[in-house]
Number of protein chains: 2
Amino acid sequence: MPDIKHFDPDEALDRVVRLFWEHGAATTSIQAVATATGLNRSSLYATFGGKRELYLAALRRYLRDHSHRAFAFVAEDGRGLPAIREFFAGLIELRCTGPYAGWGCMAVNAHAGGERDDPEVRGLLDDHHERLRGAMCTALLTARSQGDLSPGADVDAAAETLALLAYGVNLRSRAGAEAAGLRRTVDVALGAVGAMGASG
Amino acid sequence: MPDIKHFDPDEALDRVVRLFWEHGAATTSIQAVATATGLNRSSLYATFGGKRELYLAALRRYLRDHSHRAFAFVAEDGRGLPAIREFFAGLIELRCTGPYAGWGCMAVNAHAGGERDDPEVRGLLDDHHERLRGAMCTALLTARSQGDLSPGADVDAAAETLALLAYGVNLRSRAGAEAAGLRRTVDVALGAVGAMGASG
DNA sequence: GGTATCTTGAAATCAACGTTCCAAGAACGC
DNA sequence: GCGTTCTTGGAACGTTGATTTCAAGATACC
């Protein structure tokens, strides 16, 4: 059975991720995808299905390769606050410099666009949020067990705060925010988290 | 000179704001605008210009009527931390309940979509950010002068942190985040701000 | 090597997009 | 009332969107 594709679907999907990541679903045409991947429309449709399925595949891949990976690092790091600090440092670096500078986070972008109207996308975004929150929670619990956090601190709420802070960083990076400013902001915020539960 | 329009451009623009606010620029067609306003395409073009000008006018109006107004309340309130608390309480209320529930903030949405590619839009978003940051800054300085904040606290960085937190709230509200959860998160975060500079 | 099966490329389809054009109509100054 | 000037409704424009179709080409099995 000649089921042999003349291209690598995985490599193609990588380029599709970058397109949707930078420009969003609404402003990325199938033609643009075809041009960027060097593939014909027929091959795209035969391999991935329509535009919706293509975007979903790209989003899933982005979440797996970028978001979930970074979250796992934070949760499994074992150092607590330093892990969170490193997470934000890496995030700001990635968002403000290098090939992905100014693209923000694909999941964050999906929140604000028409993508979130799709129930499937909505589910992925909720899952993404839960994972981010969970990772922060784990790291904060580690910090607390190490005495880096007051025993009375509300870890759940603090984790959610850090998640929302990350969303803010991702968002502002798309408008060209300076890395230095974001670093200082996050530094101060994490300092406040470290001092949390001390008097409030 | 019969320069008499058969409709109220201001009222029409109000509806346009709501359309672009909820759905974004890319996924809102001129046809949809015409239907929502009850106007003919000719009238739209004659009054506002093309789609880009229409979106810009809507964004400017949103910023003036919603964002800047709320920022001014915070800055001029004079109570400091309670004003910030009230700002967030009102924000969460507006984003999670009532006619605009799940729409997020039009400026935040513009960050994540193709709108931010327009230099004019970019300028408005930067201005918006500066105003939000400035308002938080003013309120925090008030708080510090009242002893509600440690004298050693980094007010600038704290203001930016609160701005990013607001972005996060706006973003997650578009995915249907619960008001109660957001309220608790913001409460804890503001408590940490109040305790800021105490040990970090 | 022949054949069945899948991929591929290019053209075709159909709808929706933003925008423009124009005749018809309404309101003001005279 | 008349002419001018603007608004209005509707049709038309050309482009671009996503998706489908189909012949041609390529591959693996026999």
Side-chain angles (χ1 to χ4, degrees), chain A residues 1-59 109-110 113-121, chain B residues 1-59 109-110 113-121:
Chain A
M1 301 137 188
D3 201 356
I4 304 294
K5 286 193 190 302
H6 297 183
F7 66 96
D8 181 5
D10 236 46
E11 188 182 333
L13 193 52
D14 249 354
R15 299 188 183 230
V16 178
V17 167
R18 287 200 282 271
L19 266 183
F20 281 132
W21 180 2
E22 182 179 5
H23 300 111
T27 42
T28 302
S29 67
I30 291 289
Q31 178 54 49
V33 172
T35 302
T37 56
L39 298 179
N40 194 275
R41 285 192 267 264
S42 302
S43 305
L44 283 172
Y45 278 90
T47 308
F48 301 106
K51 188 181 185 182
R52 176 173 175 267
E53 285 77 24
L54 189 55
Y55 176 79
L56 279 170
L59 179 57
N109 299 346
E115 295 91 337
R116 64 100 202 219
D117 292 336
D118 190 313
E120 201 81 19
V121 171
Chain B
M1 302 139 186
D3 202 356
I4 304 294
K5 288 194 191 300
H6 297 184
F7 66 96
D8 181 3
D10 235 46
E11 187 183 332
L13 193 52
D14 249 355
R15 299 189 184 228
V16 178
V17 166
R18 288 200 280 272
L19 266 184
F20 280 132
W21 180 2
E22 182 179 7
H23 299 113
T27 41
T28 302
S29 68
I30 292 288
Q31 178 54 48
V33 172
T35 303
T37 57
L39 298 179
N40 194 275
R41 285 192 270 264
S42 302
S43 306
L44 283 173
Y45 277 90
T47 309
F48 301 105
K51 187 182 185 181
R52 175 173 176 267
E53 287 76 24
L54 189 55
Y55 176 79
L56 280 170
L59 179 56
N109 299 347
E115 295 91 335
R116 63 99 202 221
D117 292 336
D118 191 313
E120 201 81 19
V121 172

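Letters go in sequence order (proteins before strands), and every chain restarts at 1. All values derive from a computational prediction rather than experimental measurement.
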J.: Can you tell me the distance, in whole Å, between the NE2 atom of A:His6 and the P atom of C:dT5?
T.: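 To the nearest whole Å, that distance equals 17 Å.
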
J.: If you assign each of B:Arg52 and A:Ser42 to its closest nucleotide in DNA chain C, which residue comes earlier from the 5' end?
T.: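 Final value for this comparison: A:Ser42.
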
J.: Could you check which of C:dT19, D:dA18, D:dT7 has an atom nearest any side-chain atom of B:Tyr45?
T.: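 So the side chain of B:Tyr45 is nearest to C:dT19.
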
J.: Using whole Å, what does the distance between atom C1' of nucleotide D:dG10 and atom CD1 of B:Ile30 come to?
T.: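 Atom CD1 in B:Ile30 sits about 17 Å away from atom C1' in D:dG10.
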
J.: Taking CG from A:Leu44 and C1' from D:dA18, how many angstroms apart are they, rounded to a whole number?
T.: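 Taking CG of A:Leu44 and C1' of D:dA18, I get 12 Å after rounding.
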
J.: Taking OP1 and OP2 of C:dT7, is either one under 4.0 Å from a side-chain nitrogen or oxygen of A:Ser43?
T.: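 Answer is no, no contact under 4.0 Å.
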
J.: Among the candidates D:dT8, C:dT8, C:dG9, find the nucleotide nearest to the side-chain atoms of A:Asn40.
T.: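 The closest nucleotide is C:dG9.
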
J.: Kindly point out which of D:dT7, C:dT8, D:dT20 is positioned nearest to the side chain of A:Phe7?
T.: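 Looking only at heavy atoms from C-beta outward on A:Phe7, the closest nucleotide is C:dT8.
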
J.: For the base of D:dT19, is there a side-chain donor-acceptor partner from A:Arg41 under 3.5 Å away?
T.: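 Indeed, a donor on one side and an acceptor on the other fall under 3.5 Å apart.
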
J.: Can you name the closest pair of heavy atoms from B:Ala58 and B:Phe20 and give their distance?
T.: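 Looks like CB-CD1, 3.8 Å.
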
J.: Report the C-alpha distance between A:Thr37 and A:Phe7 in whole Å, list the side-chain angles of each, state the deciding distance to 0.1 Å, and finish with yes or no for side chain to side chain contact (heavy atoms under 4.5 Å, CB included).
T.: CA-CA 10 Å; A:Thr37 56; A:Phe7 66 96; over 6 Å; no

J.: Okay, side chain of A:Lys51, backbone of A:Thr28: is any donor-acceptor separation there less than 3.5 Å?
T.: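 Checking the backbone N and O of A:Thr28 against the side chain of A:Lys51, a donor-acceptor pair under 3.5 Å is found.
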
J.: Output the rounded distance in Å from NZ (A:Lys51) to P (C:dA15).
T.: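 Atom-to-atom, A:Lys51 to C:dA15, this comes out as 19 Å.
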
J.: For a quick test of reading the model, state the closest non-hydrogen atom pair linking A:Val121 to A:Ala110 and the distance between them.
T.: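 Between these two residues, the closest heavy atoms are CG1-CB, 4.4 Å.
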
J.: What integer distance in Å separates B:Lys5:NZ from C:dC28:P?
T.: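 These atoms are roughly 15 Å apart.
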
J.: Check A:Pro9 against A:Lys5 and note the closest heavy-atom contact, atom names and distance.
T.: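 Heavy atoms only, the tightest pair is CG-CD, 3.7 Å.
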
J.: In this structure, how many angstroms lie between the P atom of C:dC17 and the OH atom of B:Tyr55, rounded?
T.: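 So the OH-P distance, B:Tyr55 to C:dC17, works out to 18 Å.
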
J.: B:Ser29 side chain N/O closer than 4.0 Å to the phosphate oxygens (OP1, OP2) of C:dA16?
T.: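 For B:Ser29, the contact criterion (side-chain N or O under 4.0 Å from OP1 or OP2 of C:dA16) is not met.
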
J.: Grab the CD1-P distance between B:Ile4 and D:dT4 for me, whole Å please.
T.: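 That distance rounds to 20 Å.
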
J.: Base, sugar-phosphate, or nothing: which does B:Thr28 touch, judged by heavy atoms less than 4.0 Å apart?
T.: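 Sugar-phosphate only.
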
J.: In whole angstrom, give the distance that lies between atom CD of B:Gln31 and atom P of D:dG10.
T.: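 Atom CD in B:Gln31 sits about 11 Å away from atom P in D:dG10.
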
